[in-house]
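What follows is one structure encoded as structure tokens, with my remarks underneath.
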Amino acid sequence: MAATQEEIVAGLADIVNEIAGIPVEDVQLDKSFTDDLDVDSLSMVEVVVAAEERFDVKIPDEDVKNLKTVGDATDYILKHQG
Amino acid sequence: MSPTNRTVVVTGIGATTPLGGDAASTWEGLIAGKSGVKPLEQEWAAEQAVRIAAPVAVEPTEVIPRPQARRLDRSAQFALIAAKEAWADAGFTAPAGEDSSIDPDRLGAVIASGIGGVTTLLDQYDVLKEKGVRRVSPHTVPMLMPNGPSANVGLAVGARAGVHTPVSACASGAEAIGYAIEMIRSGRADVVVAGGTEAAIHPLPIAAFGNMMAMSKNNDDPQGASRPYDIGRDGFVLGEGAGVVVLESAEHAAKRGARVYAEAVGQGISADGHDIVQPEPEGRGISHALQNLLDNTDLDPAEIVHVNAHATSTPAGDVAELKALRKVFGDDVDHFAVSATKSMTGHLLGGAGGVESVATVLALYHRVAPPTINLENLDPEAESNADIVRGEARKLPVEGRIAALNDSFGFGGHNVVLAFRSV
């Protein structure tokens, strides 16, 4: 069953909390992974792989660079989830 | 004094070891004659011939925040903990530059390990096989590279004069400190954070060292298994952890009013040229290193009162070292209180030279030599060559300048001897 936008944001918040130690409540649609959430380029790869697993979606490397904010990632997952 | 022959002093110490999570608790354990060796409780240990080791007393994840810890190999976690303690102990309140008493361009870091990020390498290979390519951590390379601990420590303290990683198996930590002394003496740096770290308690290294017949199989008596100089010794016990010192030019230390633990007099280095793993039985290479130390420093054998021996509890190595001391120092050896602290910490491989330098510096500072434990039946070949501190700690002379040696030797025939002196 496809995840809702709210479920995806909550899931990404868990992932970012695990990887970067950012409180879940700080992970919101308008937040930039690198500028606001302490996720550097290597950690972004971890976030992507964890999101792929959690939401049953494939995020090719060439698309990762377009995922600047939590909102970008949420929209991408909403559109592509299996 | 010319800039190429500057006096080097120790102004900070830090450690995380099987005896304690910092230098003070490690020293307390050493003086009390406490063993850090335990049975291995992990599931994988059941099928091993060796089922004992000396794990760190305080898990690094209790000290380092999780997001940072998960991108550091265990060996780098240990190094960072010990280095941060040493940095603060030296009186620095922030990384170089932010703390204006130290210029980043004049600060170095030299942290070594014997094997590098071996647990990361092996764990990520397991991930690759079990979960596939995509799941291999993107942090794997900076975690497994042998210079990882040095680079992470360098970043933490803001070192820009140079960050180095000499690798010489179980002599690595001592070689790192020797390299650091040279950086200061030659004028490349004013302060260098230096030491050794190792985290190799994992089924593969234990199986491999076990199959070399290098490790004790005294599984029924973990605390009695590491017994240097005892006639019943049957190999080393693997330990883990890190020991780090802050070395500084005497001039720089005086300028900022730093507390000085001891002078780092210098190092003697040689290679056996004998065998890839067996020590040269008469200690010829070790004698050469000791002679180099005397030739290249102003160390006076009459000042030496203590030796923190390499003594890993292997049948051949322990005695070769004592023969070399006797050969080079003759009757002076009679006033050397020789301690084998690996009887308590186990053998930290590349971490040993770091932890044992911390112990040697503290022995001079407190004027007490730690004991060698588990020594029930002293090997006659050891007895005839040296005065071993048995059972309990021993007081060192309270008057005058005293000096001590820290010996470290590694597979490959690497010999490194460091000398420290009270101030």
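In the text below, chain A, chain B and the rest are named by the order of the sequence lines, each starting its count at 1.
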Kindly check if the number of other-residue, nucleotide or ligand heavy atoms within 6.0 Å of [atom1] ([X]) is above 12?
X	atom1	result
A:Glu62	CD	yes
A:Glu25	CD	yes
B:Arg160	CZ	no
B:Lys129	NZ	yes

Would you check if A:Ile19 and B:Arg66 make a side-chain contact, meaning some heavy-atom pair closer than 4.5 Å? no

Measure distances from [X] to the heavy atoms of chain B and classify the residue's part below 4.5 Å as side chain, backbone, both or neither.
X	result
A:Ser43	both
A:Glu18	both
A:Asp38	neither

Closest non-hydrogen atom pair, A:Leu42 against B:Pro138: O-CG, 3.2 Å

Work out which heavy atom in A:Ile59 is nearest to a heavy atom in B:Arg134; give both atom names and the distance.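 Between these two residues, the closest heavy atoms are O-NH2, 3.4 Å.
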
Salt bridge (Lys or Arg N to Asp or Glu O under 4.0 Å) partner of A:Glu46, chosen from B:Arg135, B:Arg71, B:Arg70: B:Arg70

Working note: A:Val45 + B:His139, criterion side chain to side chain contact (heavy atoms under 4.5 Å, CB included); need CA distance, chi angles, decisive distance, verdict. CA-CA 9 Å; A:Val45 178; B:His139 302 295; over 6 Å; no

